J.: 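Structure incoming, see below.
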Amino acid sequence: MHLVPLPALTDNYIWLLHDDEGQAVVVDPGDAAVVEQALDRRQWRLRGVLLTHHHNDHIGGAAALRQHHGVPVYGPLDPRIDCLTHVVGDGDRVTLTAPELTFEVLSIPGHTRTHIGYVGAGLVLCGDTLFSLGCGRLFEGTPAQMLDSLDRLAALPGSTRVCAGHEYTQANGLFANEVEPNNPTLQQRRREVARLRADGQASLPVTLAAEQATNPFLRVDTDAVIDWCARRGVDGDRVARFAALRAAKDVFRA
Ligand code: ZN
Ligand code: FE
């Protein structure tokens with residue numbers, strides 16, 4: 001199976017998976033034209049669409065793709081998504097025959113109330129829940145909910161490749177550096193990302209193991225984050241530490 005990030009809108013990625021016969025699925029097509037161009041250029045055939053959450057930068061092209069290609073569209077139960085052919089929820093399986101792929105659906109609320117992720121083929125397609133070196137904003141969920149969702153993702157094998165919905169890694173790295181300036185793995189990752197971006201390449205996918213070593217939002221139990229919180233007078237539990245990180249990131253300006 002081949003994985004291609006299609007840059008779309010300002011900083012979104014539409015993830016495209018295809019097999020050797022050119023049968024493709026896309027995840028979170030915020031812009032149908034981007035997908036159509038990719039399909040045309042490579043003579044790929046669209047077989048399905050997966051959606052993680054209702055925001056328009058993730059679903060904006062789904063109805064047009066469904067109509068043009070007659071493909072199934074999977075996504076969470078949410079009145080704000082009206083183009084689904086298949087509603088899926090926590091523990092469900094999405095099985096496609098061409099390309100041959102099976103995904104398990106994980107409920108990962110926090111960014112939005114009904115956000116889901118798809119786990120399969122060694123990947124996690126996690127929308128706006130987990131980013132490289134960061135996590136999604138809490139538009140509809142609580143810190144406890146988002147931390148639960150990140151814990152679920154962090155429990156996947158370390159080799160799992162994280163396919164997030166946005167190219168935010170460089171900006172996230174500036175905040176991560178404020179939290180952990182002395183983490184050498186983080187500094188190495190930031191240099192790698194700077195090189196990739198200067199080269200016009202995506203900083204994603206990234207392995208979960210790499211994120212666990214560098215992403216402050218997956219590191220609320222480390223001494224570094226506990227100390228960072230203590231310096232700000234936050235001495236509560238891990239939810240309090242996560243909430244403090246998220247709140248600081250919300251107002252962070254490099
Ligand atoms: Zn979103
Ligand atoms: Fe988004």
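Predicted model, so just to flag it, every value in this text is computed and none were measured. Counting starts at 1 for both ligands and their atoms, in listed order.
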J.: Can we say Asp221 and Arg241 salt-bridge, meaning some charged N sits less than 4.0 Å from an Asp/Glu carboxylate O?
T.: yes
J.: How far apart are the C-alpha atoms of Phe103 and Val119, what are their side-chain angles, what is the distance that settles it, and do they pass the side-chain contact (heavy atoms from CB on, under 4.5 Å) test?
T.: CA-CA 5 Å; Phe103 293 104; Val119 179; 5.9 Å; no
J.: Got more than 12 heavy atoms from elsewhere within 6.0 Å of CZ, Arg232?
T.: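 More than 12 heavy atoms, drawn from other residues, nucleotides or ligands, come within 6.0 Å of this atom.
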J.: Would the number of heavy atoms belonging to other residues, nucleotides or ligands and lying under 6.0 Å from CD of Gln212 be above 12?
T.: yes
J.: Leaving waters out, which protein N, O or S atoms fall under 2.8 Å from the Zn ion (ligand 1)?
T.: His53 NE2, His55 ND1, His111 NE2, Asp128 OD2
J.: Sort by chain and number the protein N/O/S atoms found under 2.8 Å from the Fe ion (ligand 2).
T.: Asp57 OD2, His58 NE2, Asp128 OD2, His166 NE2
J.: Indicate the ring-plane relationship of Tyr168 and Phe131, choosing parallel, tilted or perpendicular according to the 30° and 60° boundaries.
T.: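 Tyr168 vs Phe131 ring planes: perpendicular.
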J.: Quick check: are there more than 12 heavy atoms from other residues, nucleotides or ligands sitting under 6.0 Å from CD of Gln201?
T.: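 Counting other residues, nucleotides and ligands, CD of Gln201 exceeds 12 neighbours.
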J.: For Gln23, give me all partners under side-chain contact (heavy atoms from CB on, under 4.5 Å), at least two apart in sequence or on another chain.
T.: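 side-chain contact (heavy atoms from CB on, under 4.5 Å) check on Gln23 returns Asp19, Glu21, Arg45, Arg47, Ala98, Pro99.
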J.: Are the aromatic rings of His58 and His166 close, with centres under 6.0 Å apart?
T.: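 Between His166 and His58, which both carry aromatic rings, the centre distance is below 6.0 Å.
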J.: Which pairs count as side chain to side chain donor-acceptor pair (under 3.5 Å) when at least one residue sits in residues 84-93, sequence neighbours excluded?
T.: Asp90-Arg152
